[in-house]
Amino acid sequence: MGRAALLVLADGRFPAGGHAHSGGAEEAVKAGRITGAASLEAFCRGRLHTAGLVAAALAAAAAAGADPVELDAAADARTPSPALRLTARKLGRQLMRAARATWPSPELDALAREFPKGSHQPVVLGLTARSAGLGPEDAAYCAAYESVSGPATAVVRLLGLDPFQATAVLARLAPELDRVVDRAVSAAASIPSTGADALPSASAPLLEIGAEAHAAWPVRLFAS
């Protein structure tokens, strides 16, 4: 398969469930940390270099053929918030359903049997990319882009932000996204010699705290 598969996997219309999640943006909007394009950009930049980097490295490692069970444990260790762990597994389960229908493979079947309630989404994403004939860099780009495009899209709905401004935020972040992907792919390539400990463990405490607060809301627009 060619690179066209990457367009399918990265398409926001791919039925992987991401449209129902804000990546922490809903809580940040309510807390007053996101009020417009400038603060959205700052939020997305922070998310890209922390949660986005970790997700990109996990996805790249899975696409490269690293043990997905070991990677799932590494993802758990890098996600202190129970709410975020639950969200990651729910998204992983939804992505798995779409992936097995689109690019069936024994590796996806095996991971689904190992984690019937869902493996972490970046791990499933990397294995999906592998099943689609894509490589570690492709998987890392998909994960890194998701980490910022989700919040940007959510803020358009939450604040009525001009979608042109939201798209411009993503465009300005593109050079940093390239650098994050380079770091992620490099870390994933070192797993055969050093194990999963080589993967980034950048933390975003405010995202973790915000996720726990958001999970307790009785009414919310987004699932996370």
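Just so you know, residue 1 is the first one in the sequence shown, and it goes up from there. This is a predicted model, so every value here is computed, not measured.
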| task | For the residue pair Lys30 and Trp217, establish whether any side-chain heavy-atom pair is separated by less than 4.5 Å. | result | yes
| field | Full working for side-chain contact (heavy atoms from CB on, under 4.5 Å) between Phe115 and Val69 | value | CA-CA 9 Å; Phe115 296 99; Val69 176; 4.2 Å; yes
| With a 4.0 Å cut-off, would you call Glu27 and Arg220 a salt bridge? | no
| task | Please answer: with hydrophobic residues joined when any side-chain heavy atoms are less than 4.5 Å apart, are Phe14 and Leu127 in the same cluster? | result | yes
| task | Count the heavy atoms belonging to other residues, nucleotides or ligands that lie under 6.0 Å from CZ of Arg33, then report whether that count exceeds 12. | result | yes
| message | Apply the hydrophobic cluster definition, ILVMFWY joined by side-chain contacts under 4.5 Å directly or through others, and give me every member besides Tyr145. | response | Val29, Ile34, Leu40, Phe43, Leu48, Leu53, Tyr141, Val148, Val155, Leu158, Leu159, Leu161, Val169, Leu170, Leu173, Leu177, Val180, Val181, Val185, Leu207, Leu221, Phe222
| field | Gap separating the CZ atom of Arg100 from the OG1 atom of Thr128, nearest 0.5 angstrom | value | 10.5 Å
| Taking the side chain from Glu26 and the backbone from Ser224, do they hold a donor-acceptor pair closer than 3.5 Å? | no
| task | Please check if the side chain of Thr102 supplies one atom and the backbone of Ala99 the other of a donor-acceptor pair under 3.5 Å. | result | no
| From CG (Leu6) to SG (Cys142), nearest 0.5 Å | 6.0 Å
| said: Do Gln121 and Glu146 pair up side chain to side chain, a donor and an acceptor below 3.5 Å, judged on atom types alone? | reply: yes
| request: Would you check if the side chain of Thr35 reaches a backbone N or O of Gly32 as a donor-acceptor pair within less than 3.5 Å? | output: no
| task | Might you point out which heavy atoms bring Ala5 and Ala132 nearest each other, and give the distance in Å? | result | CB-O, 3.9 Å
| Sequence neighbours excluded, which residues qualify as salt bridge (Lys or Arg N to Asp or Glu O under 4.0 Å) partners of Asp182? | none
| task | Could you pull out all residues at least two apart from Ser119 that satisfy side chain to side chain donor-acceptor pair (under 3.5 Å)? | result | Asp72
| said: Please report the interatomic distance CZ(Arg179) to NE2(His49), rounded to the nearest 0.5 Å. | reply: 6.5 Å
| task | For Ile191 and Leu71, run side-chain contact (heavy atoms from CB on, under 4.5 Å): C-alpha distance rounded to whole Å, both residues' side-chain angles, the deciding distance at 0.1 Å, then the answer. | result | CA-CA 10 Å; Ile191 284 183; Leu71 294 177; 4.0 Å; yes
| With sequence neighbours excluded, residues passing side-chain contact (heavy atoms from CB on, under 4.5 Å) with Ser186 | none
| request: Keeping the roles fixed (side chain from Arg130, backbone from Ala63), state whether a donor-acceptor pair exists under 3.5 Å. | output: yes
| said: Distance check, rounded to the nearest 0.5 Å: Glu114 atom CD versus Asp109 atom CG? | reply: 13.5 Å
| message | Are more than 12 heavy atoms, taken from residues, nucleotides or ligands other than Arg85, located less than 6.0 Å from that residue's CZ atom? | response | yes
| If you look at every heavy atom in Ala154 and Ser22, which pair is closest and at what distance? | CB-CB, 3.6 Å
| What are the two closest non-hydrogen atoms of Arg47 and Pro151, and how far apart are they? | CD-CG, 3.9 Å
| query | Which heavy atom in Ala198 sits nearest to a heavy atom in Thr194, and how many Å separate them? | reply | CB-OG1, 3.0 Å
| task | For residues Thr50 and Ser203, determine if any side-chain heavy atom of one lies less than 4.5 Å from a side-chain heavy atom of the other. | result | no
| What pair of heavy atoms forms the shortest contact from Leu108 to Trp103, and how long is it? | CD1-O, 3.4 Å
Return a table of donor-acceptor pairs under 3.5 angstrom between the side chains of residues 76-84 and protein atoms on other chains or two or more places apart.
| unit_1 | atom_1 | unit_2 | atom_2 | d |
| --- | --- | --- | --- | --- |
| Asp76 | OD1 | Arg89 | NH2 | 3.4 |
| Asp76 | OD1 | His120 | NE2 | 2.8 |
| Arg78 | NE | Pro200 | O | 2.8 |
| Arg78 | NH1 | Ala74 | O | 3.1 |
| Arg78 | NH2 | Ala196 | O | 3.2 |
| Arg78 | NH2 | Leu199 | O | 3.1 |
| Thr79 | OG1 | Ala75 | O | 2.7 |
| Ser81 | OG | Ala83 | N | 3.2 |
| Ser81 | OG | Leu84 | N | 3.1 |
| Ser81 | OG | Glu212 | OE2 | 2.5 |

| said: Going by salt bridge (Lys or Arg N to Asp or Glu O under 4.0 Å), name the residues that satisfy it together with Arg45, two or more places apart in sequence or in a different chain. | reply: Glu41, Glu176
| Atom of Ala143, atom of Ala59 and distance for their closest heavy-atom approach | CB-CB, 4.0 Å
